[in-house]
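Worksheet: the structure to be examined is printed underneath.
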Amino acid sequence: MSPDAFAAWSLILQMSAYVGYLDFGIQTAIARFIAHDTERKEAQHRDGIVSTALAFLILSGAIAFLGLVVLCFFLPQLFHQLHGSLLLQVRVALLLVGGSLSIGLPASVFSGTFVGLQRNEVPAGIIGGSRLLNAALLILIVRQGGGIIAMGVAAAAVNLASYAVQFVAYQRLTASLEPSMSLARERASRSYAKELIDYCGSLTIWAIGLILVTGLDLTIVGAYRFDQVGYYAIAATVVNFLGGLFGALFSAMGSPAAVLHAREDKLGLGRMVSTGTRLGMLLLLATGLPLIFGASRILNLWVGSVYAQHTALLVQLLVTAHIIRLSVSPYTIAMIGTGEQRRIILVPLLEGAANLIASLIAGYYWGAAGVAFGTLIGALVSLAGHFFYNMRRSITVQLGIGEYLREAYLRPILCATPVLILGFSWNAFERALTFWPLFFIVLLGSILTLILVWYVGLTSIERGRFIAMLTRRTSSN
């Protein structure tokens, strides 16, 4: 694709994603209520909540599509370099992609149900498969010389097909429940609507904070420096991959948190958050540090030297910011799972405000790099806010902050020390040494890191479970 066409397509995806924020946290609420009600065997309340949620999401989908129409009208005022045929293509593709996502809002009832029943593999498989199919179709269209409108048609068709598959899977799964689960208009009521609004009100504030953090970055870059949109989109793709991967991993904690809350197990919730944060940090550092220290080389192999030259710094800033942001996800998801999210809504707003203000100011002077720097500032505000404000106010999740910092953060960082030392000194080693000495230095750093992960990053119980799992698999083979 030409740089302008790629930038335009990136903006289409960014603006279409705004539709998802009109979920208002209802999908999360569905998962939480289903897990909680299933544990307590309250089928009538469960079906009433889900039926009412579906009615809300149908209305949200209609509002979302109307908002897209209004946005299409104001596109020339937002992005001055969009004109002529490119403007027409963006408008049509935005309505196609965003319109399909508007239909997907009611369909999110199915995903919420799967998560609530702790069948996360069902939506993961369907959504993951649809994303791969979408990517394959887009590559085929671009290679055949197709334009943005053809890409929009393909993306919309794949989205609609995935909703249909989710519906079929939903019907089969819920029919097997005892008692079976059903959606019906007569099950919806004002009392359930009030309960949903009460629960989702704080999640909506969270969504507003999330828009300020990740929803406006590419739009700000497009308004200031349209020629840098493509570079920022590449960096955002890397970060969105990490965010999607770890978001899926961490979100699986929501339903167990609701179950522990139903059992009033505060210590169990605290242990779950601490363990989840420690293991999550190990994975975040394992995936993030190679991207930070090897950004130029990885990007050069992936998108070529021109994009790599302009994108490496953006990747380093955004990956660092998202490691910081995602590290507290187990805590925030546990708070949502226990229905205590109202106590921690201030921090997302502070993060969003800090991110937006820093991005607008720094973006004006430094373009895309300034917007990425604003994201890092917001992430630091979020981490500080959770440690020094939210965790002191938690009731259902019992955490000793000192012990939590030591166990969940310092241990993983200690495990990553060899990689950090190697990464910061890599340039000096690279100029002074030939291939084989560099190879052995990297190998030694990797071995030391694995040893630290085994003896410091994991507990003795976790090591025993890992060995037992390997033993079972070896014996079965």
- Message: If we ignore hydrogens and angles and just use 3.5 Å, is the side chain of R411 paired with the main-chain N or O of V456 as donor and acceptor?
- Response: yes

- Query: Just by distance, do the side chain of T311 and the backbone of A308 share a donor-acceptor pair under 3.5 Å?
  - Reply: no

- Task: Measure the acute angle between the ring planes of H310 and Y231, then classify it against the limits of 30° and 60° as parallel, tilted or perpendicular.
- Result: parallel

- Would you say the side chains of Q166 and S111 form a donor-acceptor pair under 3.5 Å? yes

- Query: Atom CE of M281 and atom CG of L326: how far apart are they, to the nearest 0.5 Å?
  - Reply: 10.5 Å

- Note on the structure: What one should report as the nearest heavy-atom pair of G445 and P418 is O-CB, 3.7 Å

- Query: What's the spacing between I361 CD1 and W366 CH2 if we round to 0.5 Å?
  - Reply: 10.0 Å

- Message: Centroid separation under 6.0 Å, is that true for the rings of Y224 and Y232?
- Response: no

- Message: If I take atom CD1 from residue I34 and atom OG1 from residue T113, how far apart are they, to the nearest 0.5 angstrom?
- Response: 3.5 Å

- Please lay out, stage by stage, how F293 and L420 fare under the test side chain to side chain contact (heavy atoms under 4.5 Å, CB included). CA-CA 9 Å; F293 294 120; L420 291 170; 4.2 Å; yes

- Message: Between F250 and T332, is there a side-chain heavy-atom distance shorter than 4.5 Å?
- Response: no

- Could you check H386 against M335 for side chain to side chain contact (heavy atoms under 4.5 Å, CB included), going step by step and ending with a plain yes or no? CA-CA 12 Å; H386 283 299; M335 294 293 285; over 6 Å; no

- So, do T219 and L78 sit near enough that their side-chain heavy atoms are less than 4.5 Å apart? no

- Message: For the OG atom of S16 and the CG atom of L95, what is their distance to the nearest 0.5 Å?
- Response: 9.0 Å

- Task: Begin with the C-alpha distance, continue with both residues' side-chain angles, and end with the deciding distance and a verdict on side chain to side chain contact (heavy atoms under 4.5 Å, CB included) for L160 and I103.
- Result: CA-CA 8 Å; L160 295 176; I103 297 174; 3.7 Å; yes

- Message: Do F246 and S329 have side chains that approach each other closer than 4.5 Å (heavy atoms only, starting at C-beta)?
- Response: no

- Query: In terms of side-chain heavy atoms, does T277 have a donor or acceptor partner in Y404 at a distance below 3.5 Å?
  - Reply: yes

- Below 4.5 Å, heavy atoms only, C-beta onward: do Q14 and D217 meet side chain to side chain? yes

- Run the numbers on D4 and F226 for side chain to side chain contact (heavy atoms under 4.5 Å, CB included), then give the verdict. CA-CA 8 Å; D4 283 351; F226 185 81; 3.8 Å; yes

- Task: Specify whether Y170 and F167 have parallel, tilted or perpendicular ring planes, treating 30° as the upper limit for parallel and 60° as the lower limit for perpendicular.
- Result: parallel

- Message: What I'd like to find out is whether the side chain of W302 reaches to under 4.5 Å of the side chain of I234, using heavy atoms alone.
- Response: yes

- Item | Nearest-0.5 Å distance that lies between atom CG in L94 and atom CD1 in I12 | 6.5 Å

- Okay, side chain of N240, backbone of A236: is any donor-acceptor separation there less than 3.5 Å? yes

- Y307 vs F6 aromatic rings, parallel, tilted or perpendicular, using cut-offs 30° and 60°? perpendicular

- Message: Measuring only between side-chain heavy atoms, which start at C-beta, is S359 closer than 4.5 Å to L216?
- Response: no

- Message: Between L291 and F241, is there a side-chain heavy-atom distance shorter than 4.5 Å?
- Response: no

- Task: Rounded to the nearest 0.5 Å, what's the gap from CG on L318 to CG on L313? Could you check?
- Result: 9.0 Å

- Note on the structure: All heavy atoms of L101 vs all of A17, minimum pair found to be CD1-N, 4.4 Å

- Message: Please check if the number of heavy atoms outside F373 that lie under 6.0 Å from its CZ is greater than 12.
- Response: no

- Message: On a heavy-atom basis, which atom in P106 and which in S102 lie closest, and how many Å separate them?
- Response: CD-O, 3.3 Å

- Message: When you measure from the side chain of N159 to the backbone of A155, do you find a donor-acceptor pair of N or O atoms at a distance under 3.5 Å?
- Response: yes

- Item | Considering all heavy atoms, the nearest G152-V97 contact | CA-CG2, 3.9 Å

- Query: Which pair of non-hydrogen atoms, one from Q89 and one from I148, has the smallest distance, and what is that distance?
  - Reply: OE1-N, 3.6 Å

- Message: Measuring only between side-chain heavy atoms, which start at C-beta, is L279 closer than 4.5 Å to L283?
- Response: no

- Considering all heavy atoms of both residues, which atom of P256 and which atom of M272 are nearest to each other, and what is their separation? CB-SD, 4.2 Å

